[in-house]
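Everything below concerns the one structure shown next.
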Amino acid sequence: MNKKKRIQRPKTAIKITNPTKPIKKSTTSTTIIVKPNPKSKSRAKPSSHFLENDEGLPTTSYSSNYLEKNSILSPDFYQIDALDLAPRLLGKHLKKDDVILQITEVEAYRPNDSACHGRFGITARTAPVFGPGGHAYVYLCYGLHTMLNVVADKEGIGAAVLIRSCAPVSGLETIQRRRNLISEKPVLLTGPGKIGQALGISKEWSNHPLFVPGGLELLDGPEPEEILVGPRVGIEYASPEHVNALWRFAIAGSPWISAPKNTLRPP
DNA sequence: GAAAAGATTAAA
DNA sequence: TTAATCTTTTCC
């Protein structure tokens, strides 16, 4: 039998840049401590949901207060066409453990869509996609990356929304540890594989109900002012009609958007 | 049973 | 630009 060559990634690839001096943990609040970055050429615009304190550093005070008034979304929210649900997910919050992420970029996958995992019908992997909306659909991509989808529409339809990017709201320390990356820049959370990693989920979470408190939850959030649309990413195998469909959505002006950005336009 | 391909990422 | 990595699905 062929050798089972599992070349392990060198430890040097792990990018914990400051392991001996962990970021200070705040036990009394959810304030995010960040390092100033004086070398930054084009100073990144702080994302809109962060407030800045006197030192110009983002805090989560706004988000914490905001979320206290917000509730978990009910199953009704999800029982619509994935094309309608996708933009409505922008601005909403994913919560697990102490991590809260605000959704900034999504893609819709629909029935009769040659790019949708449901295109082969119900299989062991894709069964949750055909269940009622409001559940997670989680799968492994390229044998490495855990992809989180939100199942849309009614039972039997077969539609879902891929979460492609988020902005951190709280639990930055946990996010950074899970990502093996100390950063507060978009590289931390732009890309679907990074979302699954930051949330600490595996395919075991597939079919998990997002409307039940206690595990992985979807909470309400502010509606974005402007939205960008574009073709979906990485589906060249699909028919031209579906390759070209503008079923990718993002919050306009947010830095928390994955590549390629230049295919996104106002609707 | 075997083989191909994949809703990607990080590093060169 | 390319390697890494392995599950799922299809094909014979």
Side-chain angles (χ1 to χ4, degrees), chain A residues 1-17 82-83 85-87 89 94 103-130 135-152 158-166 175-176 178-183 185-207 229-250 256-261 263-264:
Chain A
M1 184 51 193
N2 288 1
K3 63 282 145 196
K4 217 177 178 183
K5 220 186 236 176
R6 289 289 139 69
I7 299 175
Q8 204 167 3
R9 252 186 190 160
K11 295 266 183 176
T12 54
I14 295 179
K15 300 210 297 189
I16 296 279
T17 57
L83 202 50
L85 180 63
L89 286 175
L94 286 164
I103 299 172
T104 53
E105 180 191 350
V106 297
E107 285 176 354
Y109 290 84
R110 309 172 72 210
N112 305 313
D113 173 3
S114 58
C116 183
H117 278 194
R119 65 189 182 278
F120 299 125
I122 299 176
T123 65
R125 179 178 63 158
T126 64
V129 178
F130 292 89
H135 295 250
Y137 167 52
V138 184
Y139 70 94
L140 201 59
C141 185
Y142 289 91
L144 294 171
H145 309 296
T146 303
M147 316 284 273
L148 171 63
N149 297 250
V150 175
V151 175
V161 178
L162 172 69
I163 310 299
R164 287 197 59 86
S165 297
C166 291
I175 297 169
Q176 291 173 334
R178 288 173 175 164
R179 290 273 297 117
N180 288 325
L181 179 67
I182 304 293
S183 170
K185 294 179 182 176
V187 66
L188 189 65
L189 287 173
T190 55
K194 300 175 185 177
I195 303 306
Q197 192 179 18
L199 289 171
I201 58 173
S202 65
K203 62 179 184 177
E204 311 299 311
W205 284 83
S206 201
N207 208 34
V229 305
R232 295 173 292 179
V233 179
I235 56 161
E236 288 72 23
Y237 58 87
S239 68
E241 170 193 3
H242 297 135
V243 169
N244 296 324
L246 303 179
W247 292 351
R248 180 188 182 200
F249 303 89
W256 302 92
I257 298 177
S258 69
K261 291 184 176 182
T263 58
L264 291 165

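Because the structure is a prediction, the values reported are computed rather than measured. Chain letters run A, B, ... following the sequence lines, proteins first and then strands; every chain starts at 1.
- As rounded to whole Å, 14 Å separates atom P of dT8(C) from atom CZ of F120(A).
- With dA7(B), dT8(C), dT9(C) as the candidates, the nucleotide lying closest to the side chain of Y109(A) is dA7(B).
- Geometrically, R125(A) does not engage F120(A) in a cation-pi contact defined by less than 6.0 Å to the ring centre and at most 45° from the axis.
- The side-chain hydrogen bond (donor to acceptor under 3.5 Å, both in side chains) check on T126(A) picks up T123(A), with sequence neighbours excluded.
- The residue Y142(A) sits close to a base: some heavy atom pair falls under 4.0 Å.
- Regarding Y137(A), its OH atom lies at a distance of 14 Å from the P atom of dG6(B), rounded to whole Å.
- Residue H117(A) has a polar side-chain atom (N or O) positioned under 4.0 Å from OP1 or OP2 of dA7(B).
- Of the candidate nucleotides dT8(C), dT9(B), dA7(B), dT9(B) has the atom lying nearest to any side-chain atom of P192(A).
- Residue H145(A) has its side chain nearest to dT9(B) when only dA4(C), dA7(B), dT9(B) are considered.
- R179(A) comes within 4.0 angstrom of sugar-phosphate atoms only, judged by non-hydrogen atoms across all strands, and of no base.
- Checked by atom type, the side-chain pair R178(A)/Q197(A) shows no donor-acceptor distance below 3.5 Å.
- The residue from R232(A), H242(A), H117(A) that alone fulfils the side chain to side chain contact (heavy atoms under 4.5 Å, CB included) condition with Y109(A) is R232(A).
- Considering only side-chain atoms of L144(A), the nucleotide from dT8(C), dA4(C), dT9(C) that sits closest is dA4(C).
- Of the side-chain N and O atoms in T123(A), one or more sit less than 4.0 angstrom from OP1 or OP2 of dT9(C).
- Out of dA7(B), dT8(C), dT7(C), the shortest distance to the side chain of L140(A) is found at dT7(C).
- Applying the 4.0 Å criterion to OP1 and OP2 of dT7(C), one finds that R125(A) has every side-chain N and O outside that range.
- Nearest to the side-chain atoms of K194(A) among the listed nucleotides dA10(B), dT9(C), dT5(C) stands dA10(B).
- Only at 4.0 angstrom or more do the heavy atoms of residues 231-243 of chain A sit from any atom of DNA chain C, so none qualifies.
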- Bracket string, DNA chain B, 5' to 3' - pairs by Watson-Crick or G-U geometry under 3.5 Å, | interstrand: ||||||.||||.
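- Proximity of R119(A) to the phosphate of dT9(C): no side-chain N or O atom is located under 4.0 Å from OP1 or OP2.
- A straight line from CD1 of I163(A) to P of dT8(B) spans 14 Å, rounded to a whole angstrom.
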